[in-house]
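One structure is given below, encoded as structure tokens.
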Amino acid sequence: MAAGWEAYLAGFHAERPGITEAVLGRATGDPYGWVLEALPDEGRVVDVACGSGPLAGRLGARWLGLDRSADELALARRRAPGAVVRADAAVLPLPDGGAAAVVCSMALMLLEPRGAVLAEVRRVLAPGGRLVALLPATAPLQMGDRWRYGRLLLALRQARLPFPGTDVLDRPAAVLAAAGLRLTADDRRRFAYPVDDPAAADRLVRSLYLPDTGAERVAAAVAVARRWEGSELGLPLRRLVAES
């Protein structure tokens, strides 16, 4: 990971821990429940880049969360004391083959070096183990959603949200195969985020990774999002499932 992006991520999560869950947790349709549906019924689940630990309470003793951010882990630890570890995703402090599943929610496109991260995922998975990754997507969306995202990107002066891991978004099967993981499912679903007050609009924009966007552009995007108060914005998400 480039030093600039690494520093940006560290600052982002120190300043706004739990922001991803604050958005997805309010979305209709339950994105985290969609992730859970793809997990095996038994065995250890390792949550890489677990953030505030939104899956911890749903998986109970099966769950182990890892993240680099001490501020995110402080929130996760409240839900699962003793089940969180501060660690780099490229050097997982876990034995070979000890996990029935690895889950990674809204982070695989951020983690670098991605080859090393996925190699570690493959290493800790038991034979036939499963990776479930939740990622941002560009579809499905309603026409109104597309118009609104266009306005938001225009305000931000961005053609596309800047992720370092566009490879896993553009050609996931090949990226996973290089690490010895076989893509078995690639599904997309539209969830919806309610913009029911100005704080919800602010939260939505603040949840975006915008390393090269100045405060003036971010404020312009917040002003755009605040115009949608009383409605909802579609959240297109993608769920990848792969096996070792």
Side-chain angles (χ1 to χ4, degrees), residues 1-27 31-32 35-36 39 44-96 98-99 101-125 131-136 161-165 168 199 202-213 215 218 237:
M1 181 182 292
W5 180 262
E6 184 176 354
Y8 171 77
L9 278 185
F12 180 98
H13 290 287
E15 293 170 5
R16 58 200 89 174
I19 189 70
T20 300
E21 181 184 0
V23 172
L24 296 189
R26 298 183 71 250
Y32 292 117
V35 171
L36 291 173
L39 292 174
R44 168 71 75 185
V45 177
V46 176
D47 195 342
V48 173
C50 68
S52 53
L55 299 179
R58 304 199 196 190
L59 289 168
R62 299 177 61 199
W63 183 85
L64 175 66
L66 299 95
D67 204 291
R68 292 187 66 180
S69 170
D71 298 276
E72 295 281 8
L73 288 180
L75 297 179
R77 190 172 289 112
R78 297 175 189 173
R79 290 169 158 151
V84 298
V85 179
R86 191 176 186 187
D88 190 319
V91 191
L92 298 176
L94 300 169
D96 295 359
V102 170
V103 65
C104 188
S105 297
M106 303 302 286
L108 196 55
M109 72 288 184
L110 306 174
L111 301 175
E112 290 196 325
R114 207 152 7 274
V117 170
L118 289 172
E120 281 291 88
V121 169
R122 174 67 182 83
R123 180 184 66 79
V124 303
L125 281 173
L131 167 66
V132 181
L134 186 68
L135 296 166
L161 292 179
F163 301 122
V168 77
D202 293 4
R203 189 182 304 119
L204 174 68
V205 175
R206 282 171 49 80
S207 73
L208 303 176
Y209 295 98
L210 301 166
D212 299 316
T213 305
V218 173
L237 298 177

Indicate yes or no: at least one non-hydrogen side-chain atom of [X] is less than 4.5 angstrom from one of [Y].
{"X": "Phe163", "Y": "Val168", "value": "no"}
{"X": "Leu118", "Y": "Leu131", "value": "yes"}
{"X": "Arg203", "Y": "Ile19", "value": "yes"}
{"X": "Arg78", "Y": "Ser52", "value": "no"}
{"X": "Leu36", "Y": "Val103", "value": "no"}
{"X": "Leu237", "Y": "Met106", "value": "yes"}
{"X": "Pro54", "Y": "Thr20", "value": "no"}
{"X": "Ser105", "Y": "Val35", "value": "yes"}

### Task
Give me the ring orientation class for Tyr8 and Tyr209: parallel if the planes are under 30° apart, tilted from 30 to 60°, perpendicular past 60°.
perpendicular
Check whether any side-chain N or O of [X] sits under 3.5 Å from a backbone N or O of [Y] as a donor-acceptor pair, and report yes or no.
{"X": "Arg58", "Y": "Tyr32", "result": "no"}
{"X": "Arg68", "Y": "Ala87", "result": "no"}
{"X": "Arg206", "Y": "Arg16", "result": "no"}

[atom2] on [Y] to [atom1] on [X], rounded to 0.5 Å:
{"X": "Arg26", "Y": "Leu204", "atom1": "CZ", "atom2": "CG", "value": "10.0 Å"}
{"X": "Leu66", "Y": "Leu73", "atom1": "CG", "atom2": "CG", "value": "8.0 Å"}
{"X": "Leu55", "Y": "Glu21", "atom1": "CG", "atom2": "CD", "value": "8.5 Å"}
{"X": "Asp71", "Y": "Glu15", "atom1": "CG", "atom2": "CD", "value": "10.0 Å"}
{"X": "Asp67", "Y": "Asp47", "atom1": "CG", "atom2": "CG", "value": "8.5 Å"}
{"X": "Asp96", "Y": "Glu120", "atom1": "CG", "atom2": "CD", "value": "8.5 Å"}

Can you name the nearest heavy-atom pair linking [X] to [Y], along with the distance?
{"X": "Glu72", "Y": "Pro17", "value": "OE2-CA, 3.6 Å"}
{"X": "Val85", "Y": "Pro93", "value": "CG1-CG, 4.0 Å"}
{"X": "Pro162", "Y": "Trp5", "value": "O-CH2, 3.4 Å"}

### Task
Would you please test Trp63 and Val84 for side-chain contact (heavy atoms from CB on, under 4.5 Å) and show each step?
CA-CA 9 Å; Trp63 183 85; Val84 298; 3.7 Å; yes
#### Entry: Audit row: Leu111, Val48, side-chain contact (heavy atoms from CB on, under 4.5 Å) steps and yes/no
CA-CA 10 Å; Leu111 301 175; Val48 173; 4.2 Å; yes
### Query
Should Leu92 and Val102 be marked as a side-chain contact (heavy atoms from CB on, under 4.5 Å) after you check the CA-CA gap, both sets of side-chain angles, and the distance that decides it?
CA-CA 11 Å; Leu92 298 176; Val102 170; 5.9 Å; no
